[in-house]
Amino acid sequence: MNRITTQKEITYSISELAEELDISTRAIRFYEEKGLITPERTKGNHRIYDRRDRARLKLILRGKRLGYSLDEIAEMIGMGNFDTDEEQQLKKAYSYGRRKLKEIESRMEELEILKQELLRVQEKILNRLKQLNLKPPR
């Protein structure tokens with residue numbers, strides 16, 4: 001990785017972050033357009049990302065993987081309100097997490113009902129095949 005190094009800290013190019021995080025450069029630019037990250041610019045207008053941008057991108061990707069909307073992610077990482085302190089961020093993240101868990105539990109219940117229905121249908125089909133002296137497909 002060809003990281004751009006300054007006297008103060010390590011910085012990253014957009015392509016380095018995209019490769020490291022396994023996302024497209026377009027996705028990174030999209031998160032920037034949404035205000036979720038704010039990279040510096042060189043005199044040649046190239047984006048330069050610091051460790052904070054990298055950490056935010058990791059949080060964004062984790063939030064997306066967990067099913068949060070970008071608005072929810074922005075609130076949890078404190079982008080919606082710059083006056084948000086850590087306690088508020090933690091409480092917001094906890095609240096969203098509880099809501100997401102309830103959604104998952106509800107979906108799991110629905111899937112279990114669907115599974116039971118499919119098992120009943122399969123049993124009926126097997127019984128009918130036996131009545132017709134037919135072998136079930138493999």
Side-chain angles (χ1 to χ4, degrees):
M1 221 180 257
N2 269 341
R3 290 192 184 129
I4 303 164
T5 320
T6 64
Q7 289 179 343
K8 293 183 181 179
E9 65 180 288
I10 296 174
T11 58
Y12 307 84
S13 71
I14 192 169
S15 58
E16 289 172 334
L17 278 182
E19 182 180 334
E20 178 185 342
L21 301 174
D22 196 28
I23 59 174
S24 69
T25 56
R26 178 68 196 115
I28 295 172
R29 286 190 295 270
F30 175 75
Y31 297 137
E32 180 185 352
E33 289 168 14
K34 294 293 183 182
L36 296 170
I37 55 174
T38 54
E40 297 292 323
R41 297 277 185 154
T42 65
K43 290 180 182 177
N45 207 29
H46 294 279
R47 293 168 176 87
I48 299 202
Y49 299 87
D50 60 20
R51 287 185 294 187
R52 183 173 185 262
D53 294 317
R54 182 176 170 266
R56 282 187 176 277
L57 277 170
K58 284 182 164 187
L59 288 172
I60 292 164
L61 296 174
R62 182 180 301 144
K64 294 293 289 172
R65 198 171 48 251
L66 293 172
Y68 293 111
S69 71
L70 287 181
D71 289 338
E72 290 170 329
I73 293 167
E75 283 189 56
M76 286 188 283
I77 64 176
M79 294 302 291
N81 180 357
F82 288 104
D83 295 332
T84 302
D85 63 14
E86 183 180 14
E87 178 184 357
Q88 292 170 319
Q89 285 177 300
L90 290 169
K91 286 180 177 180
K92 183 72 71 175
Y94 183 78
S95 173
Y96 283 138
R98 285 179 56 112
R99 187 179 329 143
K100 190 60 65 181
L101 283 170
K102 285 180 184 178
E103 289 174 16
I104 290 169
E105 288 169 355
S106 176
R107 279 189 263 160
M108 288 173 67
E109 289 171 9
E110 291 170 6
L111 287 171
E112 185 59 37
I113 291 168
L114 178 61
K115 176 183 172 183
Q116 294 306 317
E117 288 177 19
L118 283 170
L119 287 171
R120 280 192 294 276
V121 168
Q122 291 288 295
E123 188 64 32
K124 287 180 181 182
I125 292 170
L126 281 176
N127 288 335
R128 182 62 182 146
L129 286 170
K130 286 178 186 177
Q131 289 174 350
L132 298 172
N133 292 321
L134 299 172
K135 292 182 181 178
R138 293 185 180 211

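Atoms considered below: every heavy atom in the structure, side chains included; atoms not considered: hydrogens, waters and symmetry mates. For this chain, numbers begin at 1 and follow the sequence in order.
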Non-hydrogen side-chain atoms of [X] and [Y] separated by less than 4.5 Å:
X: Arg107; Y: Glu103; result: yes
X: Thr38; Y: Glu32; result: no
X: Lys91; Y: Gln88; result: no
X: Glu40; Y: Asp50; result: no
X: Leu129; Y: Lys135; result: no
X: Ile48; Y: Pro39; result: no
X: Tyr68; Y: Lys100; result: yes

In Å, rounded to the nearest 0.5 Å, how long is the span from [atom1] of [X] to [atom2] of [Y]?
X: Leu36; Y: Arg56; atom1: CG; atom2: CZ; value: 8.0 Å
X: Asn127; Y: Gln131; atom1: CG; atom2: CD; value: 7.0 Å
X: Tyr96; Y: Ile73; atom1: OH; atom2: CD1; value: 10.5 Å
X: Ile37; Y: Leu57; atom1: CD1; atom2: CG; value: 4.0 Å
X: Lys58; Y: Asp53; atom1: NZ; atom2: CG; value: 13.0 Å
X: Glu19; Y: Ser24; atom1: CD; atom2: OG; value: 13.5 Å

Linking I/L/V/M/F/W/Y whenever their side-chain heavy atoms sit closer than 4.5 Å, directly or via other members, would Phe30 and Ile23 fall into one cluster?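 Same cluster.
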In this structure, would Leu66 and Leu90 fall into the same cluster of hydrophobic residues linked by side-chain contacts under 4.5 Å? no
Just by distance, with hydrogens left out, do Glu20 and Tyr12 show a side-chain donor and acceptor under 3.5 Å apart? no
So does Arg41 have more than 12 non-hydrogen atoms from other groups sitting under 6.0 Å from CZ?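 Count over threshold, so yes.
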Within a reach of under 6.0 Å around CG of Asp22, are more than 12 heavy atoms found that belong to other residues, nucleotides or ligands?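 Count not over threshold, so no.
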Side-chain donor/acceptor of Gln89 to backbone N/O of Ile77, under 3.5 Å: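 Yes, because the side chain of Gln89 sits within donor-acceptor range (under 3.5 Å) of the backbone of Ile77.
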Can any side-chain N or O of Glu16 pair as donor or acceptor with the backbone N or O of Ser13 at less than 3.5 Å?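 Yes; at least one donor-acceptor contact below 3.5 Å.
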Co-members of the apolar cluster containing Ile104 [side chain, <4.5 Å]: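 Same cluster as Ile104: Met108.
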Name all residues meeting the salt bridge (charged side-chain N to carboxylate O under 4.0 Å, His left out) criterion together with Arg128; count only those two or more places apart in sequence or in a different chain, and write none if there are none.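 None.
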Which atom pairs, donor and acceptor, lie under 3.5 Å between side-chain atoms of residues 118-126 and protein residues at least two apart or in another chain?
none

From the list Arg99, Lys64, Lys92, salt bridge (Lys or Arg N to Asp or Glu O under 4.0 Å) with Glu72 holds only for Arg99
